[in-house]
Amino acid sequence: KKKKKKRKAAMSDKRMNDYKFKGKSEARHKRKEYAVSLRKDKRAQKLNKRRDLEEFNQQVEEFTQSDIGQAILNLRPIIEDDENPNQQEALVTLRQYLANNKTLPIQATINSGVLPKLVEMLAWSHNPETQYEAAWVLTNVSSGEQHQTYAVVEAQAISPLCELLLSPVMKVKDQACWCLGNVAGDGAELRDDLVKEGALDQFIFMLKEEENLDLLRNVSWSLSNFFRWRHPPAPVEKMGEALNVIADRINTQDAELLANLCWSICYIAEAKDEFLNGICDTFGRIFVDILSLKSHNAQLPALRALGSVTAGEDEQTEMVIELGILPLCHNLFKNKKANIRKDACWTISNICAGNFDQIDCVVAEHLVDPIIGLCMNDPVGKVRQDAAWCLCNLASRGDVRHCDYVIETGGVQAIANVFNVNMDVKALHVFLEAFNHLLDRGGVHAELEDTDNNVASILEEEECVDKFHVLFDHPERTIADAAGAVIDTYFYEADDVEGLGPEVGEGQYEFSSKNDNDNYDI
């Protein structure tokens, strides 16, 4: 690549006199104070976490010694005694204790040592009622923290629970399904243990063959947990088999079943790009219909699945645009659920990272103004960040018309309103790159009109320059270099930084410059 220096926007004397960091010692002092503040905050957070853990352990110990905790300990010998006529009653009582309080009795039950006996009871095919109650208790235990779910696995419950999926008794089969769904939802490692036992094959078969609606709801929910984890994902061939079965079930009128099916599709779309075309072709129209409704439990997974498709190649992004996702975003941006608003912004940000024609579609749909509104007014920080990400992509991935449009519509203020030094590294890269493009265009207009760089003025007013200085000390070197490049190029007098503008060269941080003077025209 040819080396080229960035365009530097000259500052007026008045603006330079007003500039907060004209004195570099003051800037250094501020950065030091900020760094000390961050360290104090982190230390306080660690102490609070430690106190919370100590408090929880103390509560567990106190609960074990409490009336109910002691009662659970007293139930163990009764449950383990096959000759005791009160065995079944004691098992039901234990289940009731767990049902009434889903936190502390779980650990008390594990500590009591009763789990191995419950696992043994799962094999009592001569007594389905006992199988059912034992599976119910194990389900409640597996619904706790990860180490509590592991306790069920370590008690060797997986194999007998998988066998219960073949039980002729519906409620026993349903309870085993629920328990295995809890285990699958607790991490990829436990999920893989279930796959080795054949549980995933059985769930796919049950989704295809079962007719009982309550059981289908449970099966579909458990199946979605198998595909939830991406590191590593479930076996690819099983994803394909599941999608084929889901395609036959997707037209259900039951809202809960439909939502569960959509979650499976969503997780598969996130895990493997090779399924994106098929998912869009088979389920895309159904997803759009769901998103057209005022409210539906399946809207979030449907939106997220389409968002995953837009994250693919330009051709796949085009497929989603052609389905009609853009007009729906006006209402999705107003949805009362923050996750819906956030994922709608994420989907648009993916489209804004596409080709120029696709970015034109976003602008022509008049989505930029409501996106700016979300940046400025949404009460949820993650929504504001994803909305600002849309504008960043518009400025950085579009041509100069799009960059100018962001400036003209107030997008600079919106991005500046969201920008903060505590963002993750990826977000900081995206925001700094967008600032660079916007400042570059502001400099072009400043030269043409013989005025100050209005983008630089806005960023000063919004105190973004202070944040750029703080980022000088960021532990990620590329972030520190990027922030330094913005400061050196646009916020020091030309004489102070002559020859210090960033160049395109090996091992250096670089931005691409946009020099086209075309105006955006809709």
Side-chain angles (χ1 to χ4, degrees), residues 60-61 63-184 186 190 193-194 196-199 202-203 206 212 214-215 218 222:
V60 170
E61 183 177 353
F63 185 85
T64 302
Q65 297 171 356
S66 69
D67 292 341
I68 297 179
Q70 189 59 46
I72 291 175
L73 288 173
N74 295 338
L75 288 174
R76 176 184 172 181
I78 303 174
I79 293 173
E80 290 182 338
D81 185 359
D82 295 344
E83 302 300 324
N84 193 315
N86 296 321
Q87 183 185 54
Q88 183 71 17
E89 182 181 350
L91 185 57
V92 172
T93 301
L94 175 59
R95 184 256 296 167
Q96 291 172 339
Y97 283 149
L98 286 165
N100 290 334
N101 188 322
K102 291 293 183 69
T103 307
L104 297 177
I106 292 178
Q107 193 59 46
T109 301
I110 295 171
N111 293 346
S112 73
V114 75
L115 294 192
K117 184 61 180 181
L118 298 177
V119 173
E120 177 191 324
M121 289 175 165
L122 295 177
W124 288 11
S125 57
H126 62 283
N127 193 338
E129 198 62 36
T130 297
Q131 287 180 307
Y132 172 64
E133 292 292 344
W136 196 340
V137 171
L138 291 171
T139 298
N140 286 342
V141 173
S142 66
S143 70
E145 301 295 327
Q146 188 176 59
H147 69 277
Q148 294 167 333
T149 306
Y150 265 93
V152 173
V153 176
E154 290 167 357
Q156 308 298 315
I158 298 301
S159 182
L161 283 169
C162 288
E163 292 179 8
L164 288 185
L165 294 177
L166 301 174
S167 172
V169 181
M170 185 63 66
K171 69 177 184 179
V172 172
K173 183 190 299 187
D174 187 57
Q175 199 61 57
C177 173
W178 197 339
C179 188
L180 290 171
N182 282 346
V183 175
D186 220 67
L190 293 182
D193 290 340
L194 295 181
K196 291 175 184 176
E197 287 287 340
Q202 187 61 31
F203 277 115
M206 292 169 70
N212 182 280
D214 288 334
L215 181 57
N218 223 344
S222 298

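Here the structure is a predicted model, which is why all the values come from computation and not from measurement.
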S.K.: Shortest non-hydrogen contact from Y132 to Q175?
M.R.: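 Looks like CE1-OE1, 3.7 Å.
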
S.K.: How many angstroms lie between atom CG of L122 and atom CG of L138, to the nearest 0.5 angstrom?
M.R.: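 So the CG of L122 and the CG of L138 are separated by 5.5 Å.
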
S.K.: Between the main-chain N or O of N86 and the side-chain N or O of E89, is there a donor-acceptor pair closer than 3.5 Å?
M.R.: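 Between the backbone of N86 and the side chain of E89 there is no qualifying donor-acceptor contact (under 3.5 Å).
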
S.K.: Nearest 0.5 Å please: distance from the CG atom of L165 over to the CD atom of E197.
M.R.: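 Here the rounded value is 11.0 Å.
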
S.K.: Looking at residues at least two apart in the chain, or sitting in another chain, which of them share a side-chain hydrogen bond (donor to acceptor under 3.5 Å, both in side chains) with Y150?
M.R.: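 Scan of Y150 (side-chain hydrogen bond (donor to acceptor under 3.5 Å, both in side chains), adjacent residues dropped) gives E189.
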
S.K.: Any heavy-atom pair between the side chains of V172 and P128 that's under 4.5 Å?
M.R.: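 They are in side-chain contact.
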
S.K.: Kindly give the heavy-atom pair with the smallest separation between A90 and I78, and that separation in Å.
M.R.: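 Looking at all heavy atoms of both residues, the closest pair is CB-CG2, 3.6 Å.
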
S.K.: What I'd like to find out is whether the side chain of F203 reaches to under 4.5 Å of the side chain of L194, using heavy atoms alone.
M.R.: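 No, side chains not in contact.
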
S.K.: Quick one, H147 with E154, criterion side chain to side chain donor-acceptor pair (under 3.5 Å). Give me CA distance, side-chain angles, the key distance, then yes/no.
M.R.: CA-CA 10 Å; H147 69 277; E154 290 167 357; over 6 Å; no

S.K.: List the atom of A199, the atom of C162, and the distance in Å for their closest heavy-atom pair.
M.R.: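 Distance-wise, the nearest heavy atoms are CB-SG, 3.8 Å.
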
S.K.: Rounded to the nearest 0.5 Å, what separates atom CD in Q87 from atom CD1 in I79?
M.R.: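 The CD1 atom of I79 is 8.0 Å from CD of Q87, to the nearest 0.5 Å.
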
S.K.: Mind checking whether L75 and T93 have side chains closer than 4.5 Å, heavy atoms only?
M.R.: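 Yes; the side chains approach each other to less than 4.5 Å.
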
S.K.: Can you list the residues that meet the side-chain hydrogen bond (donor to acceptor under 3.5 Å, both in side chains) rule with E133, with sequence neighbours excluded?
M.R.: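 Partners of E133 under the side-chain hydrogen bond (donor to acceptor under 3.5 Å, both in side chains) test: R95.
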
S.K.: At their closest point, which heavy atom of A151 faces which heavy atom of I110, and how far apart are they?
M.R.: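 Closest pair (atom of A151, atom of I110, distance): CB-CD1, 3.8 Å.
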
S.K.: Could you tell me the separation between the CG atom of L118 and the CD atom of Q131, rounded to the nearest 0.5 Å?
M.R.: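 So the gap between those two atoms works out to 13.0 Å.
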
S.K.: N182: which residues meet the side chain to side chain contact (heavy atoms under 4.5 Å, CB included) condition with it, sequence neighbours left out?
M.R.: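 Applying side chain to side chain contact (heavy atoms under 4.5 Å, CB included) to N182 gives T139, S142, S143, W178, W221.
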
S.K.: Please give me the minimum heavy-atom distance between V119 and A157, naming the atom from each residue.
M.R.: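 Closest heavy-atom pair between V119 and A157: CG2-CB, 3.7 Å.
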
S.K.: Going through the distances and angles, do I158 and D193 end up as a side-chain contact (heavy atoms from CB on, under 4.5 Å)?
M.R.: CA-CA 8 Å; I158 298 301; D193 290 340; 5.5 Å; no

S.K.: Could you walk me through whether D82 and K117 satisfy the salt bridge (charged side-chain N to carboxylate O under 4.0 Å, His left out) test, starting with their C-alpha distance in whole Å, then the side-chain angles of each, then the deciding distance to 0.1 Å, before giving a yes or no?
M.R.: CA-CA 10 Å; D82 295 344; K117 184 61 180 181; 2.8 Å; yes

S.K.: If I take atom CD from residue E80 and atom CE from residue M121, how far apart are they, to the nearest 0.5 angstrom?
M.R.: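 Interatomic distance, E80 CD to M121 CE, rounded to 0.5 Å: 8.5 Å.
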
S.K.: At what distance, to the nearest 0.5 angstrom, does OG1 of T109 lie from CD1 of I72?
M.R.: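 Rounded to the nearest 0.5 Å, the OG1-CD1 separation comes out at 4.0 Å.
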
S.K.: Do the non-hydrogen side-chain atoms of L94 and V114 ever get within less than 4.5 Å of each other?
M.R.: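 Yes, at least one pair of side-chain atoms sits under 4.5 Å.
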
S.K.: What is the minimum heavy-atom distance between N140 and A99, and which atoms define it?
M.R.: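 Looking at all heavy atoms of both residues, the closest pair is ND2-N, 4.0 Å.
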
